[in-house]
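Below: the structure, in structure tokens.
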Amino acid sequence: MKIKRYFFSFFLILNYLVSYGQQLPSVKLKPFFQEVKTEIQLPEGAAQNVLKLFSLQDEIIAVTPQVLYKHKQGKWKGKTGNTKYLSAEIDANGNLWLLTESFLQNEDGSLKIPLPDQVQGDSVLSFFWEGKILHTGTPNGMFSFKDETWEKVKETNGKRVNAIAQDREGILWVATNKGLLKRVPKEWQNLDKILMAIGTEERYFDLHIPKGTNDLIFSAPYSVGCIANDGNHWMWSGKHGLPYGPVTTIKSYNDILWFGTNKGVAKKDDKWHYYQGKRWIPHDKINDILPIDEHTTWIATPEGISQIQQVEMNLEEKAAHYEKIIAERHNRLGLINFSHLDVPGDLSSSRTENQDNDGLWTSTYLAAACFRFAVTQSEEAKKNAIRTFEAVERLETVTGISGLPARSFARSTDLVKQSRSPHPKKWRPSPNKDWQWLDDCSSDEMVGQIFSVALFYDLVADKEMKKRVKALVKRIMDHIIENDFQLIDYDGKPTRWGIWQPDSLNHSKNWAYEKGLYSLELLSFLKVAVYITGDQKYEETYRYLIENHHYAENTVEAKIYGPYENGFSDDILTYLPYYSLSSYARDDQYWPYFKKSIERTWRVCQPDRMPTWNVIASIFLQKDCDLEIAKEELELFPLDLIDWNMTNSHRWDLVENDLVGRGGQRQANNPIPTPESRIFRWNTNPYQFDSGVNGSREVSGTYFLLTYWMARYHHLFK
């Protein structure tokens, strides 16, 4: 009999190694360019309204209404003018000209050109030097200054002249509100009377001829276009990727185009990029753009200058960046969650405070630390994992109720934030009065803790720590089983979301949404308990729930979606149990149900571009579930973890879904690009147009770390 059991066990192990140990799909990691925003600080006390930016020789010039600043070798020098500056331009010889209320002057003020009587400085919309001839655009036409005399160009009479440019063949181009004008040697032509598309509405805002070309790029009310010298013209509107307009500023560097608007700035290289909101720029109105090199651009706004720079890095360096942020601002008594910013956007005002789901997000960090240690054998990772496990363990021991975790805890002397959730939660004293804990534990905490402590048990824990993990899992699972598959709170009643009871899940309309999800959760808990404790009563309970209450069948519909409400926040509660089942139930006779469940869930979630789900689905199904997209999303994830307001409902390139999201929010048909959406993303609606909390908190980046190190551990990233 023993021999038969031995061979049966050997067969199971061999089968596992063949099916699960086979070579998984993988993608190759390589350095990439991470976009980084840096605020360029003008001298202390300087007005931040930067009107124009120029690069001359080895200096950058910033023109503000009061002062002309020059930046060299990281330092600013300011030169105060006697009059208010309204704008500035550079002539063909590299000389700077400054516009004031009544004249144009050169940089040192030694030469001044009075404006014509019909023009005041604030009505000058543009000016351009054609050799020694100065052209000035106004709301009522263009004036040219030649031989000390101003003359109005009659062909522009009654037209608003927004921009003037000249190509290498000497053709002068003028952008007006009544046509795109072209001056050829013998005549003026209005191209809107000859060739231009009706969609331009005869209105043009800016003109730009990229260096080294003879192509004219122009902006119209709903598009930007190019009259190409070689005849390969193009026209881009919202359907081509132009995020917004009209474009009021066009600049270029080699093949990279920049488009400034009154609501952000767009970049076009091989893709479209959009920078709006305080994650990227201090103010949405773009005054000017200065591409400095292929990877560095300065953006001038009424509230200062942003530098947007591409910095080469790899994902491991990016992970180290987030670890540093967590160490500096996100560790509260071992619990890891977002921090509050008393002054929005000001990281120096950061402070930690309790959150309702400290247990779940701390668990994601514990899992990330475990994977990191398994990959790198880093002592820092091991130390972080042990510290975080002890915090997760304390969530249960602090309550004084065996097997009942808290949502969060604090010292008894700490000020705590009261929960504002729809379901009231209260702070309770620990038995020894040293601590206080937040009651009404949710399935969120349970999912995170069971998932992460199993990883800690496998990847980090020594013999003594394994005993603690085993005891913790046993207490929690005994509490659930002995209380009819419920978490019983301080008041003796079930918690709001701690119910896995068969009658409730299978027969109550109040639990119709959670039926499949909670069946999946509990079965994964039991499989972890069987593995860690070796106690067969958990296996018997597992089989009882499946054979008598259809829990395995229930899991097939774990993901709820249209025509029902799609709750993106529940996806993490679905995928973490999938991972546990993938680890501990792969040889189970009920595995086909779980496989069918994740195939269905992944089919629904695949368009969401959520990298954690891509990675877990790939591990579970042993195939490539969009791993390239997972890698790309990790590369796109912002370095700035402040939860800024991100507004996208005004955009032209995002098609709105006729159906609103959960809570009635407007949403797009496709996910909002990661750098342009809210940072708190992987358990939120990726399609939601407008979101964020106005920079009042910084998130921790644990979602990135979990995905990256999990993929590394399973050799999905090489």
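This structure is a prediction, so every number in the text was calculated from the model and none was measured. Below, each value reflects all heavy atoms present in this structure, side chains not excepted, and no hydrogens, waters or symmetry copies.
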Is [X] salt-bridged to [Y], cutoff N-O under 4.0 Å?
X      : Y      : value
Lys318 : Glu635 : no
Lys70  : Glu107 : yes
Glu676 : Lys271 : no

Would one find more than 12 heavy atoms of other residues, nucleotides or ligands at under 6.0 Å from atom [atom1] of [X]?
X      : atom1 : answer
Glu151 : CD    : no
Phe32  : CZ    : yes
Ile198 : CD1   : no

Report task. Give the ring-plane orientation class for Phe128 versus His135, where under 30° counts as parallel, over 60° as perpendicular and anything between as tilted. Result -> parallel
Report task. Please check if the distance between the ring centroids of Tyr204 and Trp173 is under 6.0 Å. Result -> no
Requested in this report: For Tyr244 and Asp653, test the side chains for any donor-to-acceptor distance below 3.5 angstrom and give the result as yes or no.
Outcome: no
Report task. Check whether the side chains of Asp108 and Ser110 place a donor and an acceptor atom closer than 3.5 Å, and report yes or no. Result ->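 There is such a pair (donor and acceptor under 3.5 Å, judged by atom type) between the side chains of Asp108 and Ser110.
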Requested in this report: Would you indicate whether the side-chain heavy atoms of Thr83 and Glu101 approach each other to under 4.5 Å?
Outcome: no
Query - Pair Asp58-Lys72, salt bridge (charged side-chain N to carboxylate O under 4.0 Å, His left out): steps then yes or no - result: CA-CA 7 Å; Asp58 58 349; Lys72 186 175 182 180; 3.2 Å; yes
